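The structure under discussion appears below in the form of structure tokens.
This one's a predicted model, so the numbers in the text were calculated from it and none came from an experiment.
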Amino acid sequence: MYRTHDCNSLRKADIGRQVSLAGWVNVTRDHGGVIFIDLRDREGLTQVVFRPEENAELAKEAHTLGYEDVIQVSGRAAARPPGTENPNLATGDIEVIPSELRILNRADPLPFPLDTEPQNEDLRMTHRYLDLRRPRLARNLRIRHRAAKATRDYLDSQGFVEVETPILSKSTPEGARDFLVPSRIAPGKFYALPQAPQQYKQLLMVAGVEKYFQIAKCFRDEDLRADRQPEFTQIDIEASFVMPEEIFSVTEGMLAAIFKAALNIDIKTPFDRLTYRDAVNRFGSDKPDRRFGMELVDLGEIFRESGFKIFRGALDAGGVVKAINANGFAGITIGQADELTEIAKLHGAKGLAFIKIENGEWKSPIVKFFSDAEKAALRSKLNIEEGDCLFFGADKWEIACEVLGRLRLRIAEMQDLLGRARSPSAPDWDFLWVTDFPLFEWSAEENKWNAMHHPFTRPKTEDMPLFESKKFPEVRAEAYDVVLNGVEIGGGSMRIYEPELQEKMFEALGISPEARQSQFGHLLRALRLGAPPHGGIAFGFDRVVMLICGEQSIRDVMAFPKNNRSMDLMTKSPAEVDPKQLRDLGIKPAKDKKL
RNA sequence: GGAGCCUUAGCUCAAUUGGUUAGAGCGCCGCCCUGUCACGGCGGAGGUUGCGGGUUCGAGCCCCGUAGGCUCCGCCA
């Protein structure tokens with residue numbers, strides 16, 4: 001037996017007991033005579049004391065111990081001499097006086113220290129197993145575990161059944177780029193790794209499972225971000241004979257259970273709801289961060305007859321004039337103004353007009369075009385006060401909203417409104433439903449309509465006539481997202497369960513009848529064999545855990561993440577393979593990768 | 001595909017406007033130290049300043065290119 005206790009369990013009551021501990025040498029304090037070792041395991045620290053007068057042999061060996069050596073000690077739990085107790089340590093009343101020391105494994109000097117935040121992320125990644133020994137990441141892994149367990153326990157309590165679906169799956173034309181796996185048995189053919197278990201879970205509804213969930217690995221071969229990895233985990237949920245309300249309440253219950261288990265926090269349910277239209281109109285985003293104000297204000301009424309041509313022109317063309325008021329931001333620097341102008345242009349604005357309110361004066365080249373009445377109306381509508389800074393968008397609705405939405409977020413960052421390093425116990429967990437998404441979005445690149453959510457999403461019943469008459473931009477979907485503090489953490493929809501409607505949807509998306517059969521034949525067939533009405537939702541589990549842990553990147557809540565370029569620096573994957581493996585698969589690498 | 005920031009010792013960082021032999025703390029090695037808890041003290045080793053080119057009497061610093069890392073845009077049904 002290596003140990004009788006972990007390194008966080010010995011207390012005053014254990015004094016005199018014979019104990020064994022095992023773990024890593026966290027730090028040594030070698031006084032030449034007496035030697036102190038802080039022994040660490042995943043639970044905590046215990047001080048081990050070697051004294052020459054007690055055991056000269058052991059003390060001599062203890063002199064050789066270094067950082068992260070793995071050792072086992074057996075001996076007696078003793079009271080610390082009065083005055084040397086350490087109140088900062090749970091085990092600070094006691095120490096272990098060993099009669100035995102086994103050095104289980106020596107450690108080389110470490111590539112980076114474990115007691116400070118390393119800056120060099122690729123160094124951390126190449127030695128990820130060391131990085132994970134650091135308390136922060138070790139804590140994150142355990143929070144993640146608790147969140148996953150709470151998910152399973154809660155959904156189980158609600159009658160949901162966890163079903164695994166295939167990883168070797170089939171490529172579908174819609175959506176993200178697939179990871180492909182070549183087939184050996186059918187040379188030239190490929191499996192695809194699932195972007196989501198979407199079709200399988202719908203087929204499980206046809207199978208009569210009624211309530212399904214899965215903590216599912218998903219794969220998307222797209223470029224990475226701080227909150228996007230090629231391989232990630234979803235909490236996937238689907239239920240039959242349900243309305244959106246029932247999905248909403250299961251979701252709220254589940255998230256409440258997760259936050260209770262992970263942080264012992266009671267989140268506020270039910271969540272507020274906002275339609276897509278309102279979200280974009282008020283916050284310039286379909287995943288609004290409502291933790292600070294600065295809402296978009298419509299100024300159409302004020303400038304309808306304005307002499308300021310830019311605003312008037314936008315309105316006459318059927319667009320909008322909107323503004324945000326950044327309170328106390330009149331001190332904006334030239335660099336900041338330039339950056340915001342860049343952002344505005346990048347997202348389709350022709351430029352960025354802003355007004356600084358300084359010393360009672362409105363400072364901006366555009367102010368001279370405003371009438372007194374317009375100024376007065378602005379003042380009241382935007383609640384303008386000394387020190388404010390106003391930013392305007394005059395454009396098509398979509399562009400004006402998006403630009404101001406982006407500016408709003410960047411300005412909030414500049415003003416540090418988001419409290420960058422938020423503590424996990426931060427009280428402002430702002431959950432929100434965004435509903436009534438458009439069913440379609442226009443792809444200028446492909447010159448066709450695409451499904452905004454996915455091709456199996458139902459149109460809202462009241463919008464069915466619009467769908468039938470092909471007024472695609474106006475059709476709303478029975479689709480919804482969950483947003484937490486401005487991060488989209490989940491989304492779902494009611495699905496199409498009627499084969500005729502599904503065919504019409506495919507038609508609208510420009511998928512030929514032949515392609516429908518080859519790509520979705522199994523689903524269309526299933527819809528003809530007794531498919532119940534159904535719908536569901538899926539959550540980005542990594543993102544939820546990231547927010548719970550107060551991390552800025554999902555890499556910090558994954559054990560072995562990939563870097564920016566989708567590489568695992570520890571195993572050095574992807575890597576070349578033996579030519580024989582390629583031969584078995586009937587694959588010949590192209591000489592010129594640009595082919 | 002594009003933009004920005006970054007790259008100096010094992011790690012974290014410093015190095016006036018371009019100017020002598022590129023420094024510090026931690027770690028590492030050696031010596032000393034019997035109640036510390038980030039123990040302490042003395043000494044030592046350790047650098048092609050990511051790489052390649054250019055400007056210059058002289059480049060860690062300026063310019064060009066390139067590699068890598070991170071962040072963002074595009075992309076992510």
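Using a 4.0 Å heavy-atom cutoff across all strands shown, A/Glu53 reaches at least one base atom of the nucleic acid. Within 4.0 Å (heavy atoms only), A/Arg124 reaches no atom of the nucleic acid at all. Across all strands, A/Pro111 comes closer than 4.0 Å only to sugar-phosphate atoms, never to a base (heavy-atom distances). Across all strands shown, A/Asn120 has heavy atoms under 4.0 Å from sugar-phosphate atoms exclusively, and none from any base. A/Glu54 comes within contact range of no nucleotide atom at all, as no heavy-atom separation falls under 4.0 Å. Contacts of A/Pro113 with the nucleic acid, taken as non-hydrogen atoms under 4.0 Å apart, involve only primed sugar atoms and P, OP1 or OP2.
The shortest distance between the side-chain N/O atoms of A/Arg565 and the OP1/OP2 oxygens of B/G69 is below 4.0 Å. The phosphate of B/C73 (OP1 or OP2) has a side-chain N or O of A/Arg225 nearer than 4.0 angstrom. Contact annotation: A/Asn86 does not reach the phosphate of B/C37 (side-chain N/O to OP1 or OP2, under 4.0 Å). At B/C76, none of the side-chain N or O atoms of A/Arg177 fall inside 4.0 Å of OP1 or OP2 (strictly under the cut-off). Using a 4.0 Å cut-off, no side-chain N or O of A/Arg80 falls inside it from OP1 or OP2 of B/U36. Between A/Asn564 and the phosphate of B/C70, there is a side-chain N or O to OP1/OP2 separation shorter than 4.0 Å. Within the structure, every side-chain polar atom (N or O) of A/Arg29 is placed at least 4.0 Å from both OP1 and OP2 of B/U36.
When the C1' atom is used for both B/U66 and B/U7, the distance is 13 Å, rounded to whole Å.
Relative to the side chain of A/Gln119, the nucleotides B/U71, B/C76, B/C13 differ in distance, and B/C13 lies closest.
Here the two rings, on A/His63 and A/Phe50, have centers that are 6.0 Å apart or farther. Residues A/Phe437 and A/Tyr480 keep their aromatic ring centres 6.0 Å or farther apart. Between A/Phe292 and A/Phe283, the distance separating the two ring centers is not shorter than 6.0 angstrom.
Using a 4.0 Å cut-off between a side-chain N of Lys or Arg and a carboxylate O of Asp or Glu, A/Arg408 and A/Glu413 do not qualify as a salt bridge.
Nucleotide B/C75 forms no Watson-Crick or G-U wobble pair with any nucleotide shown, as no partner meets the under 3.5 Å limit on both distances.
Under the 3.5 Å distance criterion, with hydrogens and angles disregarded, a donor-acceptor pair is assigned to the side chains of A/Glu551 and A/Asn140.
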